[in-house]
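Input: a single structure, listed below in structure tokens.
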Amino acid sequence: MSNIFTSSIGKKLMMALLGIFLVLFLLVHLGVNLLILMDSRQAFNVAAHFMAHNIVIKVFEIFLFGGFILHIFYGLILQVKNWLSRPIGYNKTNNSQTSFFSKFMIHTAVIIFIFLTIHMIDFYFKSKFTNAVEIVNYNGKEYHDLAALVLQKFKMPAFVIGYILSFVFMSFHLLHGFQSAFQTLGINHKVYTPIIKKIGIICTLIITVGFTIIPLYVYFFK
Amino acid sequence: MDLTLKIWRQENARAKGKFVTYQVTDISPDSSFLEMLDVLNQQIIDKLEKPVCFDHDCREGICGACGLYINGRPHGPDSAVTTCQLHMRKFKDGDTIVIEPWRAKPFPIIKDLVADRIAFDKIIHAGGYISVNTGGVPDANAIPIPRNLAEISMDAAACIGCGACVAACKNASAMLFVAAKVSQFAVLPQGKVEASERVKAMVAKMDELGFGSCTNTGACEAECPKEISLSHIARLNREFYTAKIC
């Protein structure tokens, strides 16, 4: 057990488990984000406050950051080793029939990482470590007006386009990553694998459509 | 058929190789790819030059010795065949065909199109066998084996170790080969005795030799001349986790 993660299969296991965990996080994140579509900013601000201050969520946050870091760390190690496995490439590009998006996992990962960095600076660090976010009062209790910040950002065309494009690339990453994670876990079954692939497509659609509909709605209708 | 061939020529393991272009004429569409190369080599020999080296043995698609990367695909444009069973009717008159050796760090080039695939033997040496003493020839039905398990084992055992999976994989991963060699024993009672040690040793050797990891791209399955399924890789993963954790 001790040295399982030093093997290539062990590292893949780590990638798969963390990948599924991160997909679940994205679904929760989307649930909170959708509250911004409500007429009042209160629901989103109260939910964001709960996510930032609840003790269970705070513990979960440690695992979440750890999850992101390890997913990136193991992904990079595997990618570098994979590149080194073929130091001299082919003259003719491979045209075998393959899972299309699997060829671009590292590229889509880099785009998602850039998006994540900008996203963290724009929202997470701004509310946690600066006074840039205004304070609002609901029933005598103080809340960060994160909703106002989000609405302001989603009125900027370049931000909206960048945000939507990031989720398009996220969908490419998930379309291969979701079903691939289950294969890595050793789940390959005549009946269940096609179902897992369909669930992967549905999850990807929910995440992509859900996250992209928010800036579009805000930009055009709010 | 008249064809233009762009072939990788490399004097030895240390030499710098390059592509050399050859013309062949009057090739029968019914000839095999290797027979076409035989014709080319005869032309080259007649000019008192060194013929193109390539691996081959049985020429019946069962030994796994031949293996060329043809126009971007291991074993060429046909499906579920080895290079020796690829026929020239799969190409068109006037085509240019690019022929390369298998490319992977653990498969160094020996000469021209010949890659050293001894890495596969090393993986087998690490544990791809049954070492329990089976005694004399037992009765065929002494150990009952369900039909579906026998089928899985036989499908995995169809692997001829040609290396097309490594050649096709963007990561030069040997997972399909190792998966087939683990699976053929893992589902049978005789193989279960050493299952744990076998999978650990074979995966460790595979990693040590410098093969890449599996990203479930599926190129190996698509190019395998014996149509070994990706489900065997899932079984290899299960076997590995069980061996490591239990």
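Proteins get letters first, then strands, A, B, ... in listed order; numbering begins at 1 in each.
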Report the option among B/P106, B/G210, B/A172 that has the most heavy-atom pairs separated by less than 4.5 Å from atoms of chain A. B/A172
Any side-chain donor-acceptor pair under 3.5 Å between B/S213 and A/S8? no
Just by modelled atom types, is the B/S231 backbone N or O under 3.5 Å from a matching donor or acceptor in the A/Q183 side chain? no
Interface residue of largest heavy-atom contact number with chain A, from B/G72, B/C220, B/A104, B/G212, under 4.5 Å: B/G72
If I measure from the heavy atoms of chain A, does B/F19 come under 4.5 Å with its side chain, its backbone, both, or neither? side chain
Is B/A204 in contact with chain A via its backbone, its side chain, both, or neither, using a 4.5 Å heavy-atom distance? neither
Only one of B/V203, B/D207, B/V178, B/V199 passes side-chain contact (heavy atoms from CB on, under 4.5 Å) with A/I9; say which it is. B/V203
Heavy-atom distance under 4.5 Å to chain A: side chain of B/F240, backbone, both or neither? side chain
Can you tell me which of A/I187, A/N94, A/T193 forms the most heavy-atom pairs within a distance under 4.5 Å of chain B? A/N94
Atom group of B/I109 that falls short of 4.5 Å from chain A, counting heavy atoms: neither
Considering only heavy atoms, which portion of A/H176 lies under 4.5 Å from any heavy atom of chain B: side chain, backbone, both, or neither? side chain
Between A/S99, A/G177, A/G10, which has the largest tally of heavy atom pairs under 4.5 Å with chain B? A/S99
Cut-off 4.5 Å, heavy atoms of chain B, and the answer for A/L13 is both
Hey, are A/N3 and B/K244 close enough side-chain-wise for a donor-acceptor pair under 3.5 Å? yes
Has the side chain of A/Y90 got a donor or acceptor atom that lies under 3.5 Å from a matching backbone atom of B/N71? no
Polar side chain donor-acceptor pair, B/N216 to A/T184, under 3.5 angstrom: yes
If only atom types and distance count, is the side chain of A/K12 paired as donor or acceptor with the main-chain N or O of B/C214 below 3.5 Å? yes
Where does A/T93 contact chain B at under 4.5 Å (heavy atoms): side chain, backbone, both or neither? backbone
Counting only non-hydrogen atoms closer than 4.5 Å, does B/K200 touch chain A with its backbone (N, CA, C, O), its side chain (CB onward), both, or neither? neither
Backbone N or O of B/C169 within a donor-acceptor pair of the A/R86 side chain at under 3.5 Å? yes
